[in-house]
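Whatever order the structure lists them in is the order used to number ligands and atoms, beginning at 1. We count residues from 1, following the sequence as given.
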Amino acid sequence: MTDLIQPHGGELKELYLGAEAAEAEKRNAADYPSWDLTQRQLCDIELLLNGGFSPLDGFMAQADYQGVVDDMRLTSGTLWPMPITLDVTEEFAGTIKQGDNVALRDPEGVLIAVLDVEDIYTPDRTHEAKQVFGSDDTAHPGVDFLLNQSNPVYVGGRLTGVTPPVHYDFTHLRRTPRELRERFAKSGWRRVVAFQTRNPMHRAHVELTFRAAKQAEANLLIHPVVGMTKPGDVDHFSRVRCYEHVLKKYPEATTDLSLLPLAMRMGGPREAVWHAIIRKNHGCTHFIIGRDHAGPGQNSQGEDFYGPYDAQHLVEQYKDEVGIEVIPFQMMVYVKERAEYAPVDEVEENETTMQISGTEFRRRMREGLDIPEWFGYPEVVAELRKTFPPKAKQGFTVFFTGLSGSGKSTIANALMTKLMELGGRPVTLLDGDLVRKHLSSELGFSKEHRDLNIQRIGYVASEITKNGGVAICAPIAPYEATRATVRGMIEEYGAFIEVHVATPLEECERRDRKGLYAKARQGIIKGFTGIDDPYEEPQDPELRIDTTDSTPDECAQQVILKLEHMGYISLQNQG
Ligand code: PPS
């Protein structure tokens with residue numbers, strides 16, 4: 001373990017063992033109790049081990065935790081605003097005691113570090129939420145994680161690092177605090193401004209960072225978070241491809257890009273202080289803090305959790321202790337008359353400002369509408385269009401539900417053929433009978449088995465939808481709750497169009513193509529849907545079709561028109 005003193009960044013606490021000692025520790029660890037790190041813990045441990053969280057040397061023991069929660073200070077008196085804790089289940093906590101070594105492993109079982117257990121304690125997580133986030137409202141993603149997703153017992157103690165967490169993506173852009181410090185020193189960068197981001201960068205961001213660097217007479221480090229950000233954010237793969245385009249917009253050799261495997265908490269002011277410390281550890285001398293830094297959005301009453309400049313004020317208050325200069329920044333707006341960006345407080349009264357909000361940007365992407373060049377670089381917009389194609393190119397699932405013999409399969413087949421004629425997307429039919437043959441051959445017709453069957457269909461359909469295809473499903477799917485679950489799985493990636501094939505039971509029974517209704521009436525088949533097993537009618541499907549007086553072609557056409565109306569297909573070029 002080394003304590004590295006450098007002109008930039010102060011003391012760096014790296015916790016890794018040398019290669020030989022690490023091999024020996026791997027052998028010893030075979031006998032230690034083992035904990036599989038969660039995604040959040042993997043992010044935290046990476047920055048604990050590489051010095052990104054200096055001066056911490058492990059997960060917080062109770063005294064440090066309490067000091068941080070209540071006063072933003074470690075027991076040593078050092079400023080630290082965010083609890084960094086190892087949360088475990090009660091079952092696991094029951095298997096370990098103070099003084100034990102615990103092997104901390106990644107999901108593949110690779111030994112990342114060994115924890116020397118100092119104490120095991122049950123925190124008051126509601127108190128933690130109120131102190132750290134100023135609220136126990138679970139509309140706050142940090143609070144939600146703490147109260148609904150973290151484990152109830154914390155284990156504190158020093159860490160000994162064995163293997164850095166493995167990454168297979170963008171390895172050329174992942175730099176540790178030591179690597180960045182060395183890079184800055186080698187390039188003669190004595191003053192470095194860090195820019196934190198969890199969003200794609202557009203012209204306004206480039207203008208802002210450019211001005212900040214100029215103002216501080218410093219070089220620039222674009223330091224985006226690629227660990228965990230706010231749920232619903234653009235995935236980091238797409239963002240990093242965008243940052244690589246943006247990097248080319250800065251004058252050569254002035255700006256660097258490095259990825260930070262941080263798990264954000266969206267903790268506003270406290271998070272901003274934490275971010276500043278982390279950037280100091282990465283060798284930066286200045287840190288940009290804009291409006292609503294690490295903001296979690298609004299609470300369940302529709303009010304902002306934090307004031308727009310709370311974060312700037314708190315970091316400013318502690319800047320000497322952190323050892324980094326804050327560069328506060330107002331929101332940048334495009335000034336039409338000047339054809340350039342300016343901070344909002346520098347705009348004259350007679351000037352026209354232009355802006356596109358995040359919500360409006362997403363709407364335009366979804367609808368395939370134009371994004372003006374004053375707002376975004378065409379390369380960045382093109383990159384984002386690949387990730388967020390317009391509706392006409394997104395995947396979707398058409399989910400037919402209805403009684404046996406209602407006509408689901410027939411319409412589904414007709415629809416498949418029509419969509420294949422239109423072209424543009426691969427189409428997969430997950431018909432009830434086919435699924436039961438290939439995916440669910442061991443299942444019967446109990447409620448549990450039917451639910452399992454539908455969930456399997458939902459899973460396959462969600463994968464197809466995610467990859468831009470069309471899934472047509474045609475099971476009975478008699479239970480509302482299960483259909484709702486499947487809808488949720490699919491809507492994560494694309495549209496879910498529920499079509500209730502509402503042919504009345506009498507008509508289905510009259511047709512009785514497979515002779516099953518007759519058998520059900522005679523009691524030969526038990527638990528037959530509509531006869532002696534329930535069918536819960538969809539309350540609010542996208543479409544309801546009664547096949548009694550319509551041909552399959554007409555029914556499929558109704559679905560096609562619905563899809564066109566919703567914007568998922570275009571019939572314009574059809575003859
Ligand atoms: S479910 O409830 O969604 O899992 O049903 P599904 O997978 O669509 O399978 C329905 C087909 O299985 C035949 N079958 C039965 N249906 C309902 N209830 C019972 N007990 C039953 N036993 C066999 C029936 O032929 C269904 O096919 P379709 O195409 O719907 O007529």
Which protein non-hydrogen atom lies closest to atom 6 (P) of ligand 1, naming both residue and atom, and how far is it? R436 NE, 3.5 Å
Output for pair (L146 CG, K130 NZ), nearest 0.5 Å, gives 12.0 Å
Return the orientation label for the H275 and H293 ring planes: parallel under 30°, perpendicular over 60°, tilted otherwise. perpendicular
Hey, looking at atom 29 (O) of ligand 1, which of K408, K514, K526, R450 has the closest heavy atom? K514
Proximal atoms of ligand 1 relative to P478 (non-hydrogen, under 4.0 Å): 2 (O), 3 (O)
Starting from atom 13 (C) of ligand 1, which protein heavy atom do you reach first, and at what distance in Å? F445 CZ, 3.9 Å
All heavy atoms of P390 vs all of E367, minimum pair found to be CB-C, 4.3 Å
Between R521 and D532, is there a side-chain N and carboxylate O pair less than 4.0 Å apart? no
Heavy atom to atom 8 (O) of ligand 1, shortest distance: which of I476, L452, I525 holds it? I476
I'd like to check whether G527 has a polar contact with ligand 1, where a contact means an N/O of the residue lying under 3.5 Å from an N/O of the ligand. yes
If the condition is side-chain hydrogen bond (donor to acceptor under 3.5 Å, both in side chains), which residues does Y479 pass it with, not counting sequence neighbours? none
Which atoms of ligand 1 are found less than 4.0 Å from any heavy atom of G405? 31 (O)
At under 4.0 Å between heavy atoms, which part of A474 makes contact with ligand 1: side chain, backbone, both or neither? neither
Angle between ring planes, F361 versus F375, binned at 30° and 60°: parallel, tilted or perpendicular? tilted
Within 4.0 Å of some non-hydrogen atom of I454, the atoms of ligand 1 are 3 (O)
Test item, T529 contacting ligand 1 (heavy atom, 4.0 angstrom): yes
Suppose we measure from atom 19 (C) of ligand 1 to each protein heavy atom; which comes out shortest, and what is that distance? F528 CD1, 3.4 Å
So does M266 get a backbone contact from the side chain of E271, meaning a donor-acceptor N/O pair under 3.5 Å? yes
Aromatic ring pairing Y121/Y65, orientation class (parallel under 30°, perpendicular over 60°, tilted between): tilted
On the 0 to 90° scale, with breaks at 30° and 60°, tag the H500-Y535 ring pair as parallel, tilted or perpendicular. parallel
Could you say whether the N/O atoms of L516 and ligand 1 ever approach to under 3.5 Å? no
Looking only at protein heavy atoms, which one is nearest to atom 31 (O) of ligand 1, and what is the separation? S404 OG, 2.6 Å
Which bit of L403 gets closer than 4.0 Å to ligand 1, counting heavy atoms only: side chain, backbone, both or neither? neither
At what distance is the nearest protein heavy atom to atom 11 (C) of ligand 1, and which residue and atom is it? D433 OD1, 3.8 Å
Counting each atom of ligand 1 from 1 as listed, which ones have a heavy atom of P475 under 4.0 Å away? 3 (O), 8 (O)
How are the rings of F496 and F399 set relative to one another: parallel (under 30°), tilted (30 to 60°) or perpendicular (over 60°)? tilted
Salt bridge flag under 4.0 Å for residues E564 and K418: no
Nearest protein heavy-atom contact for atom 3 (O) of ligand 1: which residue, which atom, what distance? A477 N, 2.8 Å
